[in-house]
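Structure first, commentary second.
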Amino acid sequence: MSVLVFVEGLNGEIKNSSLEAASYGSQVATALGATATAVAIGDVNEAALARLGEQGISKVLFDADARLKQFVADAYVAVIAAAAQKENAKVLVFSNTGIGATVGSKLAVRLNGSLATNVTTLPKTEGGTFTVTRSVFSGKAFADVELTADVKIIAVKKNAIDISRNSGNTATVENFSASLADADFAVAPKETVMQDSEGGILLPEAERVVSGGRGLKGPENWHLVEDLAKAIGAATACSKPVSDQDWRPHHEHVGQTGITISPNLYIAIGISGAIQHLAGVNSSKVIVVINKDPEAPFFKAADYGIVGDAFEVVPKLIEAAKALDK
Amino acid sequence: MKILVCISNVPDTTAKINFTADNKSFDKNGVQYVINPWDEYALTRAIELKEAKGGTVTVLNVGEADTEPNIRKALAIGADDAIRVNAYPKDSFFVAQQIAAIAKENSYDIILMGKESIDYNGFQVHNMVGELLGIPSVTPAFKLDLLDDTTARLEREIEGGKEIVEVKLPFVASAQQPMSEPRIPNMRGIMTARTKPLKVVEPVGAEAKTSIAAYSKPEKKGGVKMIDPENAGELITLLRNEAKVL
């Protein structure tokens, strides 16, 4: 039996969220006395796959089918299901991305397995049970969930697991393919439109995020957010009122009804910290709040705070960040 | 056009999250329940499509009798009838099987729901329903239009961009902002909702595949360290040397 990890590529490399999933999967395999195999599809180069050995993966099954360069849910499910069967996988690990959670949900039906998304811990396996902790109530609580079916499927929340780095270890990469039917391509995208993000950092994958709220007074002042983000290698985000007023695109909106992120560093500028906003960012490791209102509720959830005018404070931060040695 | 909208009954977005003394269940004391905000985007889009093209909107909830006020609210917003599967929603797979069973009996053209519930945050049920019924699931979608009576065009969010997808009916889609502008029920809606049909059915036999052993809350933060705005650059030094995140 084995633990099977699905890794996602991005511009040929492997996403950090997938390196976390691979590290998770190999630790589960060690605990269960099994081997950790990865499966990769589409847009990822073989050298990057071989380096998954650093995360404890011994073998990678790679389907390089050109039709799968973009995500096609049913086709991906068919490939991963075939890989799971070949490897006799009893535990399947994904990162909790849109792709990982989608494929995981479909496989749970197909393989008759137990599924937990948003998982934040390695499994506890005492007494023959298999229990993981997952984030619930929009980051305001955790639930210990027992997976009772024979096949266990886990989607690991971003930044919950450290990436293992055993440098020098390499994984063997094997070509793999599954037989795909036309029906597997019934929901193939007609068109994909990528928004050019500043510096090319995807918000859900970002280690650092700088976010702006209504306190910035208008889209014309967004250079403050963008310049600070650039200086520290961060992605940019915004609060709900900002995307509602079209100052920024909706895909940058973090919060309860936007996207949920968990970077190492979240810097909030001019955001008061309504409970719905906190729900989207409260699992960030370090939170910095800059607000001119000392009573802003966000300070209660922050690690560092500055009470002051963003238009005076942020330029000082940009200057100090530029002065750091890289 | 027959549209099914699945709704969850969830604690209000501002609710304080607490658990019972044994940490085994959510403490409902003093908590206001609402229609899951993501499901409201699905509901209003379904009503808009009905208004434009004709047809019916049925609301479905898997829940016990205490969810009925929010089912009535969905009827007041503009759904035509409702079904409540009389069962505690044990887990995503259990709920998906209940929805699939109702869908098999009634052959809906479109099945909509929110991308996830704000309490369990699963992001699972829509894809499970699609898989159980053997029909496409498009998720999370922020735009849904009908091209004609057999084809829909959806835009769904992907990391760093969007995808445009065309699918044949029937299909499942999950909704997120800004698919529609959620509506507040008006007085006429509230009056007519009382007489709209709400059918209660018993669940089909289905096993849950997960169970919650215990809940916990995140550790409290150690307290905020304030930095003098005159000396704001100090923050960058602290982030590098103390927090070690730069």
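Proteins come first, then strands; the chains are lettered A, B, ... in the order of their sequence lines, and each starts at number 1.
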Can you establish whether the number of heavy atoms outside E181(B) located under 6.0 Å from its atom CD is more than 12? no
Pair K140(A)-K16(B), side-chain contact (heavy atoms from CB on, under 4.5 Å): steps then yes or no: CA-CA 9 Å; K140(A) 286 177 266 187; K16(B) 289 259 183 291; over 6 Å; no
Largest heavy-atom contact set with chain B, pairs under 4.5 Å, which of A155(A), P249(A), G233(A), A101(A): A101(A)
Largest heavy-atom contact set with chain B, pairs under 4.5 Å, which of I318(A), L203(A), V288(A), T131(A): V288(A)
Is it the side chain or the backbone of K240(A) that comes within 4.5 Å of chain B heavy atoms, both, or neither? side chain
Checking heavy atoms, do the side chain of L147(A), its backbone, both or neither come under 4.5 Å from chain B? both
With only heavy atoms counted, which part of F19(B) is less than 4.5 Å from chain A, the side chain, the backbone, both or neither? side chain
Could you check whether the rings of Y215(B) and F137(A) sit parallel, tilted or perpendicular, using 30° and 60° as the cut-offs? tilted
For the candidates S92(B), S216(B), P136(B), which exhibits the highest count of non-hydrogen atom pairs separated by less than 4.5 Å from chain A? S216(B)
For D244(A), is it the side chain, the backbone, both, or neither that has a heavy atom closer than 4.5 Å to a heavy atom of chain B? side chain
Check each atom of A116(A) against the heavy atoms of chain B and say whether the ones under 4.5 Å are side chain, backbone, both or neither. backbone
With a 4.5 Å cut-off on heavy-atom pairs, point out which of L107(A), V103(A), N112(A), V77(A) contacts chain B the most. N112(A)
Heavy-atom cut-off 4.5 Å, strictly under: side chain, backbone, both or neither for L154(B) against chain A? neither
Highest number of heavy-atom pairs under 4.5 Å with chain A: which of V10(B), V125(B), T14(B)? T14(B)
Within a reach of under 6.0 Å around CG of D148(B), are more than 12 heavy atoms found that belong to other residues, nucleotides or ligands? yes
Under a 4.5 Å cutoff for heavy-atom pairs, which residue among E312(A), E252(A), K300(A), R134(A) has the most contacts with chain B? R134(A)
Within 6.0 Å of CD1 in I184(B), more than 12 heavy atoms from elsewhere: no
For the candidates V286(A), V193(A), V136(A), which exhibits the highest count of non-hydrogen atom pairs separated by less than 4.5 Å from chain B? V193(A)
Minimum-distance pair of heavy atoms, taken over all atoms of A320(A) and G233(B): CB-CA, 3.7 Å
Sort F93(B) into side chain, backbone, both or neither according to what part of it lies under 4.5 angstrom from a heavy atom of chain A. side chain
Over 12 non-hydrogen atoms of neighbours within 6.0 angstrom of CD in E242(B): yes
Taken to the nearest 0.5 Å, the spacing of L246(B) CG from L324(A) CG works out to 6.5 Å
Would you give the length of the straight line joining atom CD of Q276(A) to atom CD1 of I118(B), rounded to the nearest 0.5 angstrom? 8.5 Å
Between F171(B) and chain A, with a heavy-atom cut-off of 4.5 Å, which part of the residue counts as in contact: side chain, backbone, both or neither? neither
Under 4.5 Å heavy-atom distance to chain A, tell me which part of V167(B) shows up: side chain, backbone, both or neither. side chain
With a 4.5 angstrom heavy-atom cut-off, which part of A96(B) approaches chain A: side chain, backbone, both or neither? neither
Counting only heavy atoms not in E207(B), do more than 12 fall under 6.0 Å of its CD? no
Measuring heavy-atom distances to chain B, does A302(A) have an atom under 4.5 Å in its side chain, in its backbone, in both, or in neither? both
Against chain B, label S283(A) side chain, backbone, both or neither, depending on which of its atoms sit under 4.5 Å from a heavy atom there. neither
Contact origin within K152(A) toward chain B - heavy atom pairs under 4.5 Å: neither
Heavy atoms of other groups near K124(A) NZ, more than 12 under 6.0 Å: no
If one checks every heavy atom of E205(A) against chain B at 4.5 Å, the contacting part turns out to be side chain
What distance separates T102(A) OG1 from M128(B) CE, expressed to the nearest 0.5 Å? 11.5 Å
Measuring from atom CD1 of I158(B) to atom CE of M194(A), what distance do you get when rounded to the nearest 0.5 angstrom? 4.5 Å
Is the backbone N or O of N121(B) less than 3.5 Å from a side-chain atom of N118(A), with the two atoms forming a donor-acceptor pair by type? yes
If you measure from CZ on R153(B) to CD on E191(A), what distance do you get to the nearest 0.5 Å? 7.0 Å
Could you name the residues of residues 258-265 of chain A that have a heavy atom within less than 4.5 Å of a heavy atom in chain B? G258(A), I259(A), N264(A), L265(A)
Based on non-hydrogen pairs under 4.5 Å, which of A243(B), S211(B), P178(B) is most in contact with chain A? S211(B)
Please flag which part of Q256(A) lies under 4.5 Å from any non-hydrogen atom of chain B: side chain, backbone, both or neither. both
Using every non-hydrogen atom in the two residues, find where S137(B) and K106(A) come nearest and quote the distance to one decimal. OG-CE, 3.5 Å
Is the backbone of A321(A) close enough, under 3.5 Å, to the side chain of R240(B) for a donor and an acceptor to pair up by distance? no
Largest heavy-atom contact set with chain B, pairs under 4.5 Å, which of I99(A), T133(A), I306(A): I306(A)
For chain A, which of D91(B), L235(B), N23(B) has the most heavy-atom pairs under 4.5 Å? L235(B)
Please give me the minimum heavy-atom distance between F123(B) and G98(A), naming the atom from each residue. CE2-O, 3.9 Å
List the atom of I275(A), the atom of A15(B), and the distance in Å for their closest heavy-atom pair. CD1-O, 4.3 Å
So for A301(A), is it side chain, backbone, both, or neither that comes closer than 4.5 Å to the heavy atoms of chain B? backbone
Applying a strict 4.5 Å limit to non-hydrogen atoms, the region of F71(A) in contact with chain B is both
Chain A contact via P11(B) - which portion, at a heavy-atom distance below 4.5 Å: side chain
Ignoring hydrogens and geometry beyond distance, is a side-chain donor-acceptor pair present between T117(A) and Q124(B) at under 3.5 Å? yes
Is it the backbone or the side chain of K115(B) that comes under 4.5 Å from a heavy atom of chain A, or both, or neither? side chain
Distance only, no hydrogens: is a donor on one side chain within 3.5 Å (strictly under) of an acceptor on the other, for H251(A) and E157(B)? no
Using non-hydrogen atoms only, which part of V289(A) is less than 4.5 Å away from chain B: side chain, backbone, both, or neither? neither
Which heavy atom in A141(A) sits nearest to a heavy atom in I17(B), and how many Å separate them? CB-CG2, 4.1 Å
Would you give the length of the straight line joining atom CG of D119(B) to atom OG of S138(A), rounded to the nearest 0.5 angstrom? 8.0 Å
Ordered numerically, the heavy-atom neighbours of chain A under 4.5 Å found in residues 217-232 of chain B are K217(B), P218(B), K221(B), G223(B), V224(B), K225(B), M226(B), I227(B), P229(B), E230(B), A232(B)
Which atoms of D74(A) come close to chain B, meaning under 4.5 Å heavy atom to heavy atom: side chain ones, backbone ones, both, or neither? side chain
Could K15(A) and E159(B) be called an ion pair, given the rule that one side-chain N must be under 4.0 Å from one carboxylate O? yes
For T148(A) and T210(B), work out which heavy atoms get closest and say how close. OG1-N, 4.0 Å
